[in-house]
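Notes follow once the structure below has been shown.
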Amino acid sequence: MFIPTLDSKIVGEVIAEFRKKKGISQEVLSGLADIGRTHLSAIERGERKPTLETLYRIATAMDVKMSDIVAEIEKHL
């Protein structure tokens, strides 16, 4: 039986792509999103999966819709 899982590497790569397109450093984004820089770094490396709350904060800080990030993640899956 196949159980689908969310690849944390892809999630991190997509978040990093959005951040780089916006020209924002991890330091600035983590400050705007009110999360630790090491936490953001771990998310981008695929070592941690963001909660919905954290994903919302990251999206809002980059002035993008959370649904746009999710749609891009789905494209990569």
Once you round to the nearest 0.5 Å, how far does OG of Ser8 lie from CD of Glu47?
-> 9.0 Å
Roughly how far, to the nearest 0.5 Å, is CE of Met62 from OG1 of Thr60?
-> 9.5 Å
Salt-bridged, Lys9 to Glu13, with N to O below 4.0 Å?
-> no
Leu52 and Met66 have their tightest heavy-atom pair at O-SD, 3.9 Å
Verify side-chain contact (heavy atoms from CB on, under 4.5 Å) between Leu40 and Thr54, making sure each step is shown before the conclusion.
-> CA-CA 9 Å; Leu40 177 61; Thr54 300; over 6 Å; no
Is there side-chain contact between Val11 and Ile69, with heavy atoms separated by less than 4.5 Å?
-> no
Looking only at heavy atoms, which two atoms of Phe18 and Asp68 are closest? And how far apart?
-> CZ-O, 3.8 Å
CG of Leu77: more than 12 outside heavy atoms within 6.0 angstrom?
-> yes
Counting heavy atoms not belonging to Tyr56, are there more than 12 under 6.0 Å from its OH?
-> no
Interatomic spacing from NZ in Lys22 to CG in Leu32 - rounded to 0.5 Å | 11.5 Å
Does the Lys49 side chain pair with the main chain of Leu6, one donor and one acceptor, at a distance under 3.5 Å?
-> yes
What's the spacing between Glu44 CD and Glu17 CD if we round to 0.5 Å?
-> 10.5 Å
State, to 0.1 Å, how close Ala61 and Ala33 come at their nearest heavy-atom pair, and which atoms those are.
-> CB-N, 3.8 Å
Atom CD1 of Ile43 and atom CZ of Arg19: how far apart are they, to the nearest 0.5 Å?
-> 11.5 Å
Output for pair (Ile24 CD1, Ile58 CD1), nearest 0.5 Å, gives 11.0 Å
Does the Arg57 side chain pair with the main chain of Asp34, one donor and one acceptor, at a distance under 3.5 Å?
-> yes
